[in-house]
Amino acid sequence: MNEYKLFWRELIREVVSKESGRSIDLEEIIAEIPPRPELGDLAFPMFPFAPLFRTSPKEIAERVAGAIKQDHHAETTYRKVEVQGSYLNIHLSRPIVSASILTRINKEGREYGRNSTLAGSKVMVEFSCPNTNKPLHLGHLRNDTLGMSISRIMQENGAAVLRVNLINDRGIHICQSMLAYREFGGNSTPEQEKLKGDHLVGEYYVRFNSWVKDNPEAEEAAREMLKAWEENQPEVRELWEKMNNWAIEGIEDTYRRTGISFDRIYRESETYQLGREEVFRGLEKKVFYREKDGSVWVDLSDQNLDRKVLLRSDGTTLYLTQDIGTAVQRQEHWPFDRLIYVVASEQRYHFQVLFQVLKLLGHQWAENLFHLAYGMVNLPQGKMKSREGTVVDADDLLDNLVSLAGKEIHDRERAGEVDDIRQTAEKIALGALNYYLLQASPYKDMIFNPAESILFTGNTGPYLQYTGARIASILRKFRERQASFSPARVKPELLTTEEEWEIIKLLASYPEVVNQAAVELNPAIITSHLYDLAKSFSRFYHDHPVLHNDDPDLVVTRIELVNSVLQVMRNGLSLIGVPFLEKM
RNA sequence: GCGUCCAUAGCUCAGUUGGAUAGAGCAACAGCCUUCUAAGCUGUGGGUCGCAGGUUCGAAUCCUGCUGGACGUGCCA
């Protein structure tokens with residue numbers, strides 16, 4: 001669609017320049033999509049030129065329209081130029097646009113929508129970053145699906161992407177679950193308890209928190225354990241290895257189930273010491289300073305960021321120190337042009353400080369760090385609170401969605417039609433979840449209403465999957481009867497209905513949508529476009545039969561259109577973690 | 001206190017970066033299955049875009065103030 005916009009903006013720029021006698025910049029010509037399709041396909045407001053022409057925008061629109069109509073050059077790409085109030089509206093030539101779009105999608109297939117705006121740039125995306133003391137919850141699911149989707153969108157725009165995870169496998173909170181396990185666990189294993197490893201570990205984390213209420217000395221015991229861990233005490237290390245493996249195996253099961261994967265996994269136990277050297281460098285450079293007690297600080301109060309500790313008085317590192325180290329390490333491992341941290345918005349301040357500190361250390365690339373601060377996931381009754389047991393567990397939620405999807409399959413009497421009920425239900429559940437989490441703008445807080453998220457009707461992932469499955473079904477039936485339509489030819493000029501034209505326009509603007517999503521780092525732009533496309537398709541095929549048609553040319557032409565819709569849906573769905581289904 | 005962010009239909013969310021009569025879904029109501037899957041389609045009702053100013057030919061969108069909310073402001077992560 002951009003090519004048409006650009007063509008017309010250039011033409012109108014030329015005409016307005018000529019008519020007004022002043023050279024107009026291309027940026028001054030604003031192209032819009034009219035609010036209602038009957039008003040045309042492109043619209044150009046003439047308000048900005050009123051002072052220039054010293055006349056009404058309506059009159060300007062008429063003068064420009066008149067001049068364009070005399071321009072034979074433009075005739076092939078428009079059907080009609082008309083003045084609507086103060087707007088100059090263009091109706092594009094439908095056969096020309098349709099033919100060009102269908103040919104292009106047919107030729108490019110999976111490539112359609114890909115572009116090279118980020119070609120040659122290396123983008124690292126950090127996301128997930130789970131703790132190994134408890135299983136994943138709903139908040140992680142938003143993080144994970146955002147990280148995956150953003151990565152894919154960047155790739156679709158030509159970037160080389162490296163997805164990285166930093167597993168938080170050490171620290172006082174890890175020791176807390178270890179301590180509770182040693183105290184109450186009785187050497188039980190996930191196998192014995194028939195529990196996923198991460199859930200077993202999580203139980204002892206919860207156990208610690210109730211235990212410590214009546215036994216404050218447990219807090220001190222955990223600190224001692226952390227010290228023992230840092231001193232490599234064998235028993236503690238052994239327990240840590242064992243429980244960490246349980247937790248990580250469990251978390252990886254959830255990743256597999258939700259289609260999350262990484263190119264490189266960092267572990268905090270291996271990186272937490274990094275950063276200290278950098279802090280010393282900063283001391284030498286005199287951008288940091290040391291207090292009498294030995295702690296090292298950075299003063300960012302001139303930037304409204306206050307003073308921050310970089311090294312404790314006992315010389316140990318902090319979260320911030322580690323992040324300094326890992327950033328430097330990553331730049332060395334894989335020199336990125338951009339590093340996107342997908343981390344909740346509550347850590348905004350932390351990343352502002354981190355980026356400033358790296359700049360003070362003289363790292364040029366610190367300019368290219370970006371915190372994608374996504375909003376909290378809340379429940380209708382308010383915040384999720386682990387202490388009050390209102391945290392929505394990721395595995396439980398998925399199980400719940402899968403069983404509901406399975407029930408739908410039976411209720412709709414599709415059990416005999418789908419290939420594998422269990423697998424289909426799993427994919428529907430995943431589609432519902434990912435779509436729900438991605439359709440809201442990332443930076444905004446969102447409310448996760450379990451009752452609503454499991455709906456499979458309306459603006460949801462399953463609706464997109466359903467539309468895709470319907471298309472797949474039509475195409476299967478076409479292939480079965482293909483012989484009966486031959487000989488037939490694709491004739492784009494046969495696509496004359498408004499419904500078909502709406503589809504064509506949405507197909508045509510898909511590549512810009514993919515680009516826009518990358519510019520804004522916002523997968524919701526994709527979800528919303530795919531929803532519009534599915535909606536338009538549903539309207540179309542409700543009223544206009546594809547196969548049940550007397551004219552074989554029309555049949556194959558509509559098949560071509562339907563095929564294109566499917567291609568774009570598949571391309572788009574792959575960017576938002578909604579599995580495509582041949583049958584549902 | 002200070003800082004950052006948010007506020008659009010009863011609920012959950014969009015809103016093409018300042019343009020035409022602010023849109024979807026859910027919920028409510030009314031229709032549509034001898035025809036390619038009714039997880040669908042069509043229609044009705046529902047709005048002081050938090051409030052008050054300002055900038056502009058034009059503001060949900062930009063600026064200021066206010067109100068309400070979230071988050072942050074740890075030698076926690």
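All values below come from the heavy atoms of this structure, side chains included, with hydrogens, waters and symmetry mates left out.
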For [N] and [M], measure between their [atom1] atoms and round to the nearest Å.
N: B:rA9; M: B:rG25; atom1: C1'; answer: 12 Å
N: B:rA28; M: B:rA7; atom1: C1'; answer: 26 Å
N: B:rA14; M: B:rA24; atom1: P; answer: 16 Å
N: B:rG68; M: B:rC62; atom1: C1'; answer: 22 Å
N: B:rG3; M: B:rU64; atom1: P; answer: 12 Å
N: B:rU16; M: B:rU55; atom1: P; answer: 25 Å
N: B:rC49; M: B:rC29; atom1: C1'; answer: 26 Å
N: B:rA27; M: B:rU73; atom1: P; answer: 41 Å

Output the single nucleotide from [options] whose closest atom is nearest the side chain of [X].
X: A:Lys444; options: B:rG40, B:rU37, B:rA14; result: B:rA14
X: A:Ser528; options: B:rA14, B:rA20, B:rU35; result: B:rA14
X: A:Arg348; options: B:rC41, B:rC5, B:rC36; result: B:rC5
X: A:Arg412; options: B:rC13, B:rA38, B:rU16; result: B:rA38
X: A:Glu346; options: B:rA38, B:rC13, B:rC71; result: B:rC71
X: A:Lys383; options: B:rC76, B:rC41, B:rC71; result: B:rC71
X: A:Glu520; options: B:rG40, B:rU17, B:rA20; result: B:rU17
X: A:Leu318; options: B:rU17, B:rC76, B:rC13; result: B:rC76
X: A:Gln84; options: B:rG25, B:rA20, B:rC41; result: B:rA20
X: A:Arg312; options: B:rC36, B:rG40, B:rC76; result: B:rC76

Margin query: Judged by each residue's nearest nucleotide on RNA chain B, which is more toward the 5′ side, A:Glu582 or A:Gly85?
Written below: A:Gly85
Notebook entry, point to check: Start at the 5' end of RNA chain B and walk down; is the nucleotide closest to A:Leu320 or to A:Tyr349 reached first?
Noted result: A:Tyr349
Check: Strictly by modelled atom types, are A:Glu500 and A:Thr497 linked by a side-chain donor-acceptor pair under 3.5 Å?
Finding: yes
Gap between atoms [atom1] and [atom2], on [X] and [N] respectively (whole Å):
X: A:Lys407; N: B:rA39; atom1: NZ; atom2: C1'; result: 13 Å
X: A:Tyr436; N: B:rU12; atom1: OH; atom2: P; result: 9 Å
X: A:His529; N: B:rG23; atom1: NE2; atom2: C1'; result: 17 Å
X: A:Glu28; N: B:rG18; atom1: CD; atom2: C1'; result: 15 Å

For residues [X] and [Y], establish whether the separation of their ring centroids is below 6.0 Å.
X: A:Phe288; Y: A:Phe280; value: no
X: A:His350; Y: A:Tyr319; value: yes
X: A:Tyr463; Y: A:Tyr531; value: yes
X: A:Phe370; Y: A:Phe351; value: no

With a 4.0 Å cut-off on heavy atoms, is [X] in touch with a base, just the backbone sugar-phosphate, or nothing at all?
X: A:Ala524; value: nothing
X: A:Tyr531; value: sugar-phosphate
X: A:His371; value: nothing
X: A:Ser313; value: base
X: A:Glu32; value: base
X: A:Arg414; value: base
X: A:Ala43; value: base
X: A:Gln352; value: nothing
X: A:Pro48; value: base
X: A:Met376; value: nothing
X: A:Phe448; value: nothing
X: A:Pro57; value: nothing
X: A:Leu42; value: nothing
X: A:Asn168; value: sugar-phosphate

Just N and O in the side chain of [X]: are any of them under 4.0 Å from OP1 or OP2 of [N]?
X: A:Lys535; N: B:rG25; answer: yes
X: A:Tyr463; N: B:rC41; answer: yes
X: A:Thr457; N: B:rC26; answer: yes
X: A:Ser441; N: B:rA14; answer: yes
X: A:Arg539; N: B:rU42; answer: yes

Opposite nucleotide pairing with [N], Watson-Crick or G-U, both atom distances under 3.5 Å:
N: B:rC36; result: none
N: B:rA59; result: none
N: B:rG43; result: B:rC29
N: B:rA52; result: B:rU64
N: B:rG23; result: B:rC13

Check: About how many Å separate CG of A:Asp169 and CG of A:Asn244, when rounded to the nearest 0.5 Å?
Finding: 5.0 Å
Checklist line | Under 3.5 Å donor-acceptor pair, A:Asp445 side-chain atoms to B:rA7 base atoms | finding: no
Between [X] and [Y], does any side-chain N to carboxylate O distance fall below 4.0 Å?
X: A:Arg223; Y: A:Glu220; value: yes
X: A:Arg412; Y: A:Glu417; value: no
X: A:Arg476; Y: A:Glu480; value: no
X: A:Arg414; Y: A:Glu408; value: no

Note to self: Using O4'-C1'-N9-C4 for purines and O4'-C1'-N1-C2 for pyrimidines, with syn meaning within 90° of 0, is B:rU17 syn or anti?
What the structure shows: syn
Note to self: Syn or anti for B:rC33? Use the chi torsion, O4'-C1'-N9-C4 for purines and O4'-C1'-N1-C2 for pyrimidines, with syn inside 90° of 0.
What the structure shows: syn
